[in-house]
**Q** 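My structure is below; once you've seen it, I'll send some questions.
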Amino acid sequence: MHVVKASDQSPPSLLSGDNRVRLEYWLAAQAGASRVTVTEDGRLGGGAISLNLAVTLDIVGGPLAGRHACVLRAEGGGRISASIGKLREFVVLRAAFAAGVMAPEPLFGCDDPAVLGHDFYIMRRAEGLGAGHAVTRSEAAQPELARELGRQLGLLHRITPDTEGLERLGEAPDCPAQETLAQYRRWFGDLGRRDPVIAWGLRWLEVNAPLPGAVVLCHRDFRTGNYLVKDGALTAILDWEFAGFSDPMEDLGWFCSRSWRFRRPDREAGGIADRAEFYAGYEETSGRRVDPARVAYWETAAYLRWAAVAVEQGLRHSSGAERSLELALTGRMLPEIEMDMLRHLRTIGALGGMAADAVEKVA
Amino acid sequence: MRANPDARGLLEIAASTFRADVLPHVAPEARFAALMVANALEIAERELKGLDAAGHSMLGALALLYGEDADDVLSGDDLRKRVEALQHRLCIEIAAGDFDQEGQGVLMDALEAIVEARLGISNPKALG
């Protein structure tokens, strides 16, 4: 569940005293309202990197007059390399919402440090269960949910780099695979010369890199655990902080990777159903066919990306930048992620291998 | 002088007491943190107990590739340095493309054995 918890852990001072007053004035101006009252409802989960506050806005006057259950999402303690900053996230959310994706409706975005000190935005609050272990608990498979998630991803992938308003995201890469490889090399740094599993993963990505194809807006953390479900139906897709332009098959590989199947590693589409359901939904709305060999390539990339993030999270703790047991333990997940990658490579090797001619290659 | 019980002994009893006597009584809002504490204590316990054994397993896996004897007498820092040196050599060879055409079977076996040794400490449940 997108749990509302009492703020028993390091209560954020984000809305204390003057901050709240400044926020209310700023919101009134933005909403063309005579008055806005902000009530804090507690801190929400899913805030390893961002700070999520549940808030209620009471808006008097203007087009948005009324009461709105919302989430205020602000820059957290420390950004990690893969995240894009709150204003860019707001822009992405707006584009996705406009394209009909079931993203929470973004209402206000702010990059004026005079208001809260951090960039932040406010979106509508969605209801439902989010935690991966809860979503994958069901004894029966959830083919309709997988199909709907595929449809939603397909809608998102209709957004191309020339879409108005997405200039903030920067240039789209000419060759997503090569761009990704260069980025991973930077992220891993010295570890690529000390850990042979990482070294092999990087080499494999280099040798098997597919030729560039379509480049679209990708979510880049589209997985079980980052969407909400109520009564078995999808209510919202969350956590847009890693979004960017890439090969559309990257999001499919990430969704299907072993890392996000939770209780049901046998259900390859996010622990909820078979890939076929997810792929079929995707093809309904995206206007393109799923390319399983490319998905397999990006699934290898997914393990390396998650490995890099886990290493960085661990270092955030160890360096003293942000002391946290959760971050420390995430750092210790590296062998588990590596084992998942090796299992994946074994599986696709047994299927004939990528090194054959499954995909047209750059090299 | 070595105190008795030593660090390993203390950690072992602390971890098992925490899991048996504390965890069941933890309030729901603190349960996630308590589970993390139990997990961290158990990783530390396994590491203190099994680091050298994991090092020898890794050395054995690397010996598969290099045809050297896995040196059973090494321990502690010497063992760690030997493993690090061989892993570094392997990284360089991988990056140079030495396994692009052949030897991937042996390489995969060695990589799996290396990861299994580390998983035995960080998360034995994931050994599957």
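Throughout, a chain's letter reflects where its sequence line sits, starting with A, and its residues are numbered from 1.
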**Q** Measuring from B:Leu127:CG to A:Met339:CE, what's the distance to the nearest 0.5 Å?
**A**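 Here the interatomic distance stands at 6.5 Å.
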**Q** State, with a plain yes or no, whether a side-chain heavy atom of A:Pro335 is found less than 4.5 Å away from one of B:Asn123.
**A**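 In short, these two side chains do not touch, never coming nearer than 4.5 Å.
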**Q** So which residue, B:Cys91, B:Ala117, B:Gly97, ends up with the most heavy-atom pairs under 4.5 Å with chain A?
**A** B:Cys91
**Q** Got a second to check how far B:Asp109's CG is from A:Leu342's CG, nearest 0.5 Å?
**A**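 The CG atom of A:Leu342 is 10.5 Å from CG of B:Asp109, to the nearest 0.5 Å.
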**Q** Assess whether a salt bridge exists between A:Glu338 and B:Arg118, defined as any Lys/Arg side-chain N lying under 4.0 Å from an Asp/Glu carboxylate O.
**A**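 Answer for the salt bridge query: yes.
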**Q** Side chain, backbone, both or neither: which part of B:Glu116 has an atom under 4.5 Å from a heavy atom of chain A?
**A** both
**Q** Among A:Gly192, A:Pro196, A:Ala199, single out the residue with the greatest number of heavy-atom pairs under 4.5 Å to chain B.
**A** A:Pro196
**Q** Are side-chain heavy atoms of A:Glu336 and B:Lys125 found at a separation under 4.5 Å?
**A**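 No. Closest side-chain heavy atoms not under 4.5 Å.
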**Q** So which part of A:Asp340 gets closer than 4.5 Å to some heavy atom of chain B, the side chain, the backbone, both or neither?
**A** neither
**Q** Where does B:Gln101 contact chain A at under 4.5 Å (heavy atoms): side chain, backbone, both or neither?
**A** neither
**Q** Hey, what do you get for OG (B:Ser122) to CE (A:Met333), rounding to the nearest 0.5 Å?
**A** 9.5 Å
**Q** Measuring from B:Leu119:CG to A:Arg332:CZ, what's the distance to the nearest 0.5 Å?
**A**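 Result: 11.0 Å between the selected atoms.
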**Q** Any side-chain heavy-atom pair from B:Gln104 and A:Trp200 closer than 4.5 angstrom?
**A** yes
**Q** Side-chain contact, heavy-atom cut-off 4.5 Å: B:Ile43 with A:Leu329?
**A**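 A side-chain contact exists here, since the closest heavy-atom pair is under 4.5 Å.
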**Q** Between A:Arg203 and B:Asp98, is there a side-chain N and carboxylate O pair less than 4.0 Å apart?
**A** no
**Q** Name the region of B:Glu84, side chain, backbone, both or neither, that has any atom closer than 4.5 Å to a heavy atom of chain A.
**A**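 For B:Glu84, there is no contact with chain A at all, as no heavy atom is under 4.5 Å.
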**Q** Got A:Arg346 and B:Glu112 here, is their nearest side-chain heavy-atom distance under 4.5 Å?
**A** yes
**Q** Identify which part of B:Ala95 has an atom lying under 4.5 Å from any heavy atom of chain A, answering side chain, backbone, both or neither.
**A** backbone
**Q** Name the option with the most non-hydrogen atom pairs under 4.5 Å to chain A; the candidates are B:Leu107, B:Ile114, B:Asn39.
**A** B:Leu107
**Q** Measure the shortest side-chain to side-chain distance between B:His88 and A:Arg193 over non-hydrogen atoms and say whether it is less than 4.5 angstrom.
**A** yes
**Q** Rounded to the nearest 0.5 Å, what separation is found between the CD atom of A:Glu206 and the CD1 atom of B:Ile94?
**A**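 Here the rounded value is 12.5 Å.
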**Q** Output the distance between atom CE (B:Met36) and atom CD (A:Glu326), rounded to the nearest 0.5 Å.
**A**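 B:Met36 atom CE to A:Glu326 atom CD measures 5.0 Å (nearest 0.5 Å).
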